[in-house]
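Below: one structure, written as structure tokens.
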Amino acid sequence: APPEIKRLALEQKKIKHPVGKRLIEIALKKQSNLIASADVITSAELLKLAEEVGPHIVALKLHMDIIQDFSFELIDALKKIAREKEFLLFEDRKFGDIGNTQELQFKEGIYKIASWADMITSHVIAGEESLKVFENVGVVAIVEMSSKGTLTDDFYITKALNVAENASNVMGAVAQRKISDDLLLFTPGVNISSAGDAKGQQYNTPERVCKNYHTDFIIVGRGIYQSADAAESAKEYQTKGWNAYLESLG
Ligand code: BMP
């Protein structure tokens, strides 16, 4: 597709948040709308994966609390790879408490997420004011989940989107449907070769989420980190995701 279409596609979104703008900038430069979910449990595996998928992704999504040997050396090493390969660090913490508790979980404890994460996920169940504590970070609101039987029905989604759109630090939302142009849309539950797992996860292809949901960013976990060659499969998801994104513009 011609470059002016690419420019239009991402700039049509009315994103004011600096982290959202940075993500769009990286996406255009790398021609990627891929976020790899690094759900591995050791520092060594995480760093290896970050090196391998780094060139193909816009952000690396983390669950830092599953790492058995967490340390700030890991954070420093990750930051270095993120800088070199140009991607953001996205902690999928899914906060879901009152503001005061979320603030402690965000800034304190072992992980001190506020000191290194570019982006975080948060539920919006505690209401708009609870989100104010997330400063100097791009917040991605969980408005709809990918799993079978999720409680995020249409009524919840409408109310959650309303909270997300009113909070100035929220740059995007996790959902399985089209949302407004005021927020970036992130869609997990993406896999080329599987329909789901035995624990409720449900998968769609990159084509489906880009064309049917108008997803901006696809999130891929096991499809990449459990494949025989993570770099190769990241490249495949990058190509499939980006092409589907361009085609979704019509
Ligand atoms: P996988 O592609 O291996 O199923 O991993 C999906 C990732 O996205 C996991 O890290 C999960 O926590 C996250 N996720 C999800 O699957 N569904 C949602 O609705 C929200 C998520 O953050």
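None of the values given here were measured: they were computed from a predicted structure. In listed order, ligands and their atoms are each counted from 1. Only this structure's heavy atoms are used, side chains among them; waters, hydrogens and symmetry mates stay out.
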For [atom], what is the closest protein heavy atom, and at what distance to 0.1 Å?
{"atom": "atom 4 (O) of ligand 1", "value": "Tyr203 OH, 2.6 Å"}
{"atom": "atom 20 (C) of ligand 1", "value": "Pro188 CG, 3.6 Å"}
{"atom": "atom 12 (O) of ligand 1", "value": "His63 NE2, 3.0 Å"}
{"atom": "atom 17 (N) of ligand 1", "value": "Ser146 OG, 2.7 Å"}
{"atom": "atom 9 (C) of ligand 1", "value": "Asp39 OD2, 3.3 Å"}
{"atom": "atom 21 (C) of ligand 1", "value": "Lys94 NZ, 3.4 Å"}

*Parallel, tilted or perpendicular: which describes the rings of Tyr245 and Trp242, with under 30° parallel and over 60° perpendicular?*
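Tyr245 and Trp242: parallel rings.
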*Specify whether Phe95 and Phe134 have parallel, tilted or perpendicular ring planes, treating 30° as the upper limit for parallel and 60° as the lower limit for perpendicular.*
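If you compare the ring of Phe95 with that of Phe134, the planes turn out tilted.
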Does [X] have a heavy atom less than 4.0 Å from any atom of ligand 1?
{"X": "Thr121", "result": "no"}
{"X": "Gln176", "result": "no"}
{"X": "Lys61", "result": "yes"}
{"X": "Gly223", "result": "no"}

_Spacing of CD1 belonging to Ile26 relative to OG belonging to Ser32, to within rounding of 0.5 Å_ =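 Interatomic distance, Ile26 CD1 to Ser32 OG, rounded to 0.5 Å: 10.0 Å.
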_Spacing of Trp116 atom CH2 and Leu89 atom CG [to the nearest 0.5 Å]_ =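 The CG atom of Leu89 is 6.5 Å from CH2 of Trp116, to the nearest 0.5 Å.
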Please determine if [X] and [Y] form a salt bridge, counting it only when a charged side-chain N lies under 4.0 Å from a carboxylate O.
{"X": "Lys16", "Y": "Asp182", "answer": "no"}
{"X": "Arg22", "Y": "Glu25", "answer": "yes"}
{"X": "Glu86", "Y": "Lys29", "answer": "yes"}
{"X": "Lys13", "Y": "Asp216", "answer": "yes"}
{"X": "Arg177", "Y": "Asp154", "answer": "yes"}
{"X": "Glu247", "Y": "Lys211", "answer": "yes"}

Heavy atom under 4.0 Å from ligand 1: found in [X]'s side chain, backbone, both, or neither?
{"X": "Asp92", "answer": "side chain"}
{"X": "Ser37", "answer": "side chain"}
{"X": "Gln201", "answer": "side chain"}

*In ligand 1, which numbered atoms sit nearer than 4.0 Å to a non-hydrogen atom of Arg222?*
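Atoms satisfying the 4.0 Å criterion: 1 (P), 2 (O), 3 (O), 4 (O).
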*Which atoms of ligand 1 are found less than 4.0 Å from any heavy atom of Met145?*
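Going through ligand 1 atom by atom, the ones under 4.0 Å from Met145 are 18 (C), 19 (O), 20 (C).
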*Would a distance-only check, ignoring hydrogens and angles, find a side-chain to backbone donor-acceptor pair under 3.5 Å from His123 to Ile125?*
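Absent.
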_Checking the N or O distance criterion of under 3.5 Å, is ligand 1 in contact with Tyr225?_
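There is no such contact.
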*Gly221-ligand 1 polar pair, N/O distance under 3.5 Å*: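 Between Gly221 and ligand 1 (N or O atoms, distance only) the closest approach is under 3.5 Å.
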